[in-house]
Amino acid sequence: MTLQPRFFSPIGTLRHVDRLGFLTQDVRAAGTVLGFFGAAAALGARPDELALLVCRRHNPQDKHRQIVLVFHKDGAFTDAMQRLYRAHGRPLGFEAQKRWCAVPEPSFLADETYALLAARFPNLLLIEEMPDGKLRIAVYASAGFKEHPQLRLAPLPKQMPQPAARPAAKITPLPARPRPLADKPVLRPAYAAAAQVVPLRPRKLRSVVALNETVERKVVDEFRRLLRTVALYS
């Protein structure tokens, strides 16, 4: 499986790639962080402008590769990563100072992780160990930034691995819904008689606040007058 970071565009690679194999020797050692600062210096970028993603097998006999993300210490980015993987129930291990984290490749949330990286870092340095033992090293620029630092890059090889084309989703059109029949307007002649007002049954109002007979009669008479008005002018 070849990693293709989404939300990023390839812009180059590092010079003297053969000298950077130490970055993948032991991703659990402090040398990973030191190598990250060394790679940033080799690119001419500040550490907070770059994130390093290393994909390799921790041991040759491991079934799955391990993805290690190294970055400048950032509490907000670390919290966002922890919440993301906790919400999906995926394992994610951080080192003590939270300068890098590791996750097995099957548990790697690619799109979500790349989206967080693209929103935080202008550039991403990807070092991927291929099945034949060779390293693929590329520098990517985030689409979320309009201005990028001037990096010292070597041109990419002519044949960069392209992501596999995803099959187009099959869209099944929904059946047409029958249109509801419009109600025919009722033509009322101008000389139509006013609607008959149904007289109210004489009864006493029962409520917490007891009304006297005079107030009750006024309420009933006003309600009847309102019904006649609505019937005559509707």
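A138 and L156 make their closest contact through CB-CD2, 4.2 Å (heavy atoms, listed as atom of the first residue, atom of the second, distance). Between A41 and R152, the shortest heavy-atom distance links the atoms O-NH2, 2.8 Å. Minimum heavy-atom separation, Q66 to A102: NE2-CB, 3.7 Å. The nearest pair of heavy atoms linking P155 to T13 is O-CG2, 3.5 Å. Shown here for F36 and L52, the closest heavy-atom pair between the two residues is CD1-CB, 3.7 Å. Listed here is the closest heavy atom pair of T2 and M130: OG1-CE, 3.6 Å.
Atom-to-atom distance recorded for L226:CG and E222:CD is 7.0 Å, nearest 0.5 angstrom. We find the NE2-CD1 distance between H148 and I11 to be 7.0 Å, quoted to the nearest 0.5 Å. Within the model, atoms CG of L116 and CG of D111 stand 11.5 Å from one another, a figure rounded to the nearest 0.5 Å. With values rounded to the nearest 0.5 angstrom, R65 atom CZ is found 10.5 Å from F108 atom CZ. Rounding to the nearest 0.5 Å places CG of L50 at 7.5 Å from CG of L124. In this structure, CZ in R136 is found 13.0 Å from CD in E129, a value given to the nearest 0.5 Å.
Using modelled atom types, one side-chain atom of R57 and one backbone atom of D62 make a donor-acceptor pair closer than 3.5 Å. No side-chain donor-acceptor contact under 3.5 Å links Y140 to the backbone of F7. Listed for the R46 side chain is no donor-acceptor partner under 3.5 Å among the backbone atoms of P149. Proximity of a side-chain donor or acceptor of R120 to a complementary backbone N or O of D48 within less than 3.5 Å is detected. Distance alone, capped at 3.5 Å, is enough to place a donor-acceptor pair between the D74 side chain and the A76 backbone. A donor-acceptor distance shorter than 3.5 angstrom exists from the side chain of R90 to the backbone of S107, with no hydrogens or angles considered.
When side chains are defined from C-beta on, L69 counts as touching M81, because their heavy atoms get closer than 4.5 Å. Here the side chains of L92 and R86 are not in contact, with every heavy-atom distance at 4.5 Å or above. Within the 4.5 Å cutoff, side-chain heavy atoms of L84 are placed close to those of H88. Contact check for L3 versus L53: side-chain heavy atoms found under the 4.5 Å cut-off. Counting heavy atoms from C-beta outward, V220 and F223 have side chains that stay 4.5 Å or more apart. No side-chain heavy atom of V54 sits less than 4.5 Å from a side-chain heavy atom of W100.
Within a 6.0 Å sphere centred on CD of E147, heavy atoms belonging to other residues, nucleotides or ligands number 12 at most.
Connection of F145 to L125 is not established within any shared hydrophobic cluster, with ILVMFWY side chains joined at heavy-atom distances below 4.5 Å, either directly or through further cluster members.
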Side chain to side chain contact (heavy atoms under 4.5 Å, CB included) between F8 and L126: does it pass, once the steps are laid out?
CA-CA 11 Å; F8 287 89; L126 172 66; over 6 Å; no

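Applying the side chain to side chain donor-acceptor pair (under 3.5 Å) rule to Q82 yields no partners; only residues at least two apart in sequence or on another chain are considered.
The aromatic rings of F77 and F71 lie perpendicular to each other, with more than 60° between the two planes, well past the 30° mark.
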